[in-house]
Amino acid sequence: MKIAALIPARYASTRLPAKLVQDLGGISVIQRTYLSTLAAGVFDEVWVVTDHKEIERQILDLGGNVYFSKKNHESGSDRIAEALEKVDAHLIVNVQGDEPFQDPKSLQGLVAAFERPKVKMASLMCRISEDEAYNPNAVKVVVDEKMNAIYFSRSPIPFNRERSEDIFYWKHVGVYAYTRELLKEYTSWPKGYLEQIEMLEQLRLVEKGVKIRMVETTHQAIAIDTKEDLDRARNFLKSIL
């Protein structure tokens with residue numbers, strides 16, 4: 001089974017303009033994401049899928065693979081689906097372009113979920129505190145006994161009615177893996193009702209009844225959305241060098 005990592009890399013960003021080309025230890029954020037994904041040793045191919053010449057140039061400078069989007073896209077999944085015209089792989093892993101420190105163990109666990117023939121899509125989750133669960137920017141997920149997602153929400157789910165101290169929450173880590181066929185089908189569907197309310201693209205699949213196998217990780221990814229996130233990533237990089 002050929003496995004490809006596709007990294008959607010849109011240049012425009014609201015809270016931190018041009019965040020993917022910001023310096024992070026001598027190279028850009030997107031270059032570091034590409035290199036850490038490649039270094040994980042999980043993928044047969046790694047591609048960056050972008051809409052901007054500067055991002056394309058930076059990845060080509062590393063000798064990397066780039067697909068330049070021909071269309072405007074609302075989501076990263078839509079962007080990488082277009083690239084399937086050039087990428088020949090059975091399993092596609094959507095790696096977030098603004099998460100420069102990819103964890104090999106997490107990616108290995110994600111891909112291993114597809115050893116079960118019925119799994120068509122998988123994603124990652126980690127445990128978080130109740131305080132973090134009340135942050136709408138941290139997307140929560142609840143799962144069934146087989147670790148398939150029941151629902152994703154920006155609200156704290158499940159609701160701790162009895163104020164039990166034993167309850168814990170799962171935070172969704174936005175790395176997705178799909179079979180090629182499911183990715184193509186999924187991105188052809190219109191936005192769902194729940195997706196439009198919560199602004200979470202994975203709810204489109206939940207509404208269609210697609211099983212999303214969730215895989216636990218202890219890795220807390222650093223996603224760069226703000227200047228504060230970028231400073232945190234720079235400090236983290238200094239601590240491991």
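Hydrogens, waters and symmetry mates play no part in the numbers below; they use all other heavy atoms, side chains included.
For the residue pair Arg213 and Ala113, the shortest heavy atom distance occurs at CG-CB, 4.4 Å. The two residues Val42 and Pro104 have their closest heavy-atom pair at CG2-O, 4.2 Å. For the pair Ala122 and Val119, the tightest heavy-atom approach, listed with the atom from each and the gap, is CB-CG1, 4.5 Å. Contact between Ser69 and Val49 at its shortest, heavy atoms only, is OG-CG1, 3.8 Å. The minimum heavy-atom distance between Ile30 and Ala9, with the atom names listed, is CD1-CB, 3.8 Å.
By the 4.5 Å heavy-atom criterion applied to side chains, Leu110 and Val93 are counted as neighbours. Between Ser106 and Val175, the closest side-chain pair of non-hydrogen atoms is not below 4.5 Å. In this structure, the side chains of Asp98 and Leu16 stay at 4.5 Å or more apart for every pair of heavy atoms. With a 4.5 Å cut-off on side-chain heavy atoms, Ser13 and Leu20 do not count as touching. The side-chain heavy atoms of Cys126 and Gln220, taken from C-beta on, include a pair separated by under 4.5 Å. Side-chain atoms of Thr217 and Asp103, non-hydrogen and from C-beta on, do get closer than 4.5 Å to each other. Side-chain contact between Thr33 and Glu99: absent, with no pair of heavy atoms (C-beta onward) separated by less than 4.5 Å. In this structure, the side chains of Lys2 and Glu45 come closer than 4.5 Å at one or more pairs of heavy atoms.
Shown here is Glu85, whose CD atom has more than 12 heavy atoms of other residues, nucleotides or ligands within 6.0 Å. Counting non-hydrogen atoms of other residues, nucleotides and ligands closer than 6.0 Å to CG of Asp144 gives a total above 12. Counting non-hydrogen atoms of other residues, nucleotides and ligands closer than 6.0 Å to CZ of Phe168 gives a total above 12.
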Next item on the list: Please assess Tyr11 against Thr50 for the test side chain to side chain contact (heavy atoms under 4.5 Å, CB included), listing each intermediate value before the final yes or no.
Entry: CA-CA 7 Å; Tyr11 184 81; Thr50 189; 5.6 Å; no
Note to self: Val87 vs Tyr67, test: side chain to side chain contact (heavy atoms under 4.5 Å, CB included). Steps then yes/no.
What the structure shows: CA-CA 9 Å; Val87 179; Tyr67 179 89; 5.8 Å; no
Notebook entry, point to check: Yes or no on side-chain hydrogen bond (donor to acceptor under 3.5 Å, both in side chains) for Tyr176 and Gln202, after CA distance, side-chain angles and deciding distance?
Noted result: CA-CA 9 Å; Tyr176 301 98; Gln202 61 270 39; 3.0 Å; yes
Next item on the list: Quick one: do Arg204 and Glu201 satisfy salt bridge (Lys or Arg N to Asp or Glu O under 4.0 Å)? Show the steps, please.
Entry: CA-CA 6 Å; Arg204 192 184 318 176; Glu201 62 176 299; 5.4 Å; no
Item checked: Step-by-step side chain to side chain contact (heavy atoms under 4.5 Å, CB included) determination, Ser77 to Tyr186 -> CA-CA 9 Å; Ser77 296; Tyr186 153 52; 3.7 Å; yes
Note to self: Test side chain to side chain contact (heavy atoms under 4.5 Å, CB included) on Leu205 and Met121; report intermediate values, then the result.
What the structure shows: CA-CA 10 Å; Leu205 293 128; Met121 181 174 178; 3.7 Å; yes
Note to self: For a salt bridge (Lys or Arg N to Asp or Glu O under 4.0 Å) check, start with the C-alpha distance between Arg79 and Glu74, then their side-chain angles and the critical distance, and finish with the verdict.
What the structure shows: CA-CA 8 Å; Arg79 188 173 300 282; Glu74 290 190 25; over 6 Å; no
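One finds the OG atom of Ser75 at 3.0 Å from the CG atom of Asp78 (value rounded to the nearest 0.5 Å). Atom CG of residue Leu24 and atom CD1 of residue Ile222 lie 9.0 Å apart, to the nearest 0.5 angstrom. Annotation: the span from Lys227 atom NZ to Lys19 atom NZ amounts to 15.0 Å, rounded to 0.5 Å. From Leu6, atom CG reaches atom OG1 of Thr37 across 10.5 Å, with rounding to the nearest 0.5 Å. With rounding to the nearest 0.5 angstrom, the CG atom of Leu194 is 5.5 Å from the CD1 atom of Ile197.
The backbone N or O of Ser155 lies less than 3.5 Å from a partner atom in the side chain of Ser153, making a donor-acceptor pair. Within the 3.5 Å criterion, the main-chain N or O of Phe101 finds a donor-acceptor partner in the side chain of His219. Under the 3.5 Å distance criterion, the side-chain polar atoms of Lys184 are left unmatched by any main-chain donor or acceptor of Ala81. Of the possible donor and acceptor atoms, one in the side chain of Asp44 sits under 3.5 Å from a partner among the backbone N and O of Ile3. With Ser36 contributing its side chain and Pro100 its backbone, the two residues share a donor-acceptor pair below 3.5 Å. Although no hydrogens or angles enter the test, the distance criterion places a donor-acceptor pair under 3.5 Å between the side chain of Arg180 and the main chain of Leu84. Arg10 places no side-chain N or O within 3.5 Å of a backbone atom of His73 that could act as its donor or acceptor partner. Distance alone, capped at 3.5 Å, places no donor-acceptor pair between the Glu185 side chain and the Leu182 backbone. With hydrogens and angles disregarded, no donor-acceptor distance shorter than 3.5 Å links the side chain of Lys140 to the backbone of Phe152.
Taking the charged nitrogens against the carboxylate oxygens, Glu198 and Arg154 have no contact shorter than 4.0 Å, which rules out a salt bridge. A salt bridge is defined here as a Lys NZ or Arg NE, NH1 or NH2 lying under 4.0 Å from an Asp or Glu carboxylate O, and Arg15 with Asp225 meets this definition.
Both Met125 and Tyr178 are members of a single hydrophobic cluster when ILVMFWY side chains are connected at heavy-atom separations under 4.5 Å. In the hydrophobic cluster analysis, where Ile, Leu, Val, Met, Phe, Trp and Tyr join through side-chain heavy atoms closer than 4.5 angstrom, Ile55 is grouped apart from Phe68. In the hydrophobic cluster analysis, where Ile, Leu, Val, Met, Phe, Trp and Tyr join through side-chain heavy atoms closer than 4.5 angstrom, Ile92 is grouped apart from Ile7. No continuous path of hydrophobic side-chain contacts links Leu107 to Ile80 [ILVMFWY only; heavy atoms under 4.5 Å]. Two different hydrophobic clusters hold Val141 and Ile128 under the rule that ILVMFWY side chains link at heavy-atom gaps under 4.5 Å.
Sorted by first and then second residue, the side chain to side chain donor-acceptor pair (under 3.5 Å) pairs involving residues 121-136 (not counting sequence neighbours) are Ser123-His172, Glu130-Arg163, Glu132-Lys171.
Stacking of Lys120 on the aromatic ring of Phe114 is not recorded, the 6.0 Å distance cut-off and the 45° axial limit not both being met. With a 6.0 Å cutoff to the six-membered ring centre and a 45° limit on the axis angle, Lys208 counts as a cation-pi contact of Trp189.
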Result block: side-chain N/O donor-acceptor pairs under 3.5 angstrom for residues 58-66, not counting sequence neighbours:
residue, atom, partner, partner atom, Å
Gln58, OE1, Ser28, OG, 2.5
Gln58, NE2, Glu54, OE2, 2.9
Asp61, OD2, Arg57, NH1, 2.6
Asn65, ND2, Val46, O, 3.2

Anything under 3.5 Å between a donor and an acceptor, one on a side chain of residues 232-241, the other on a protein residue two or more places apart or in another chain? List them.
residue, atom, partner, partner atom, Å
Arg234, NE, Asp23, O, 3.0
Arg234, NH2, Asp23, O, 2.8
Asn235, ND2, Asp231, O, 3.3
Ser239, OG, Phe236, O, 2.5

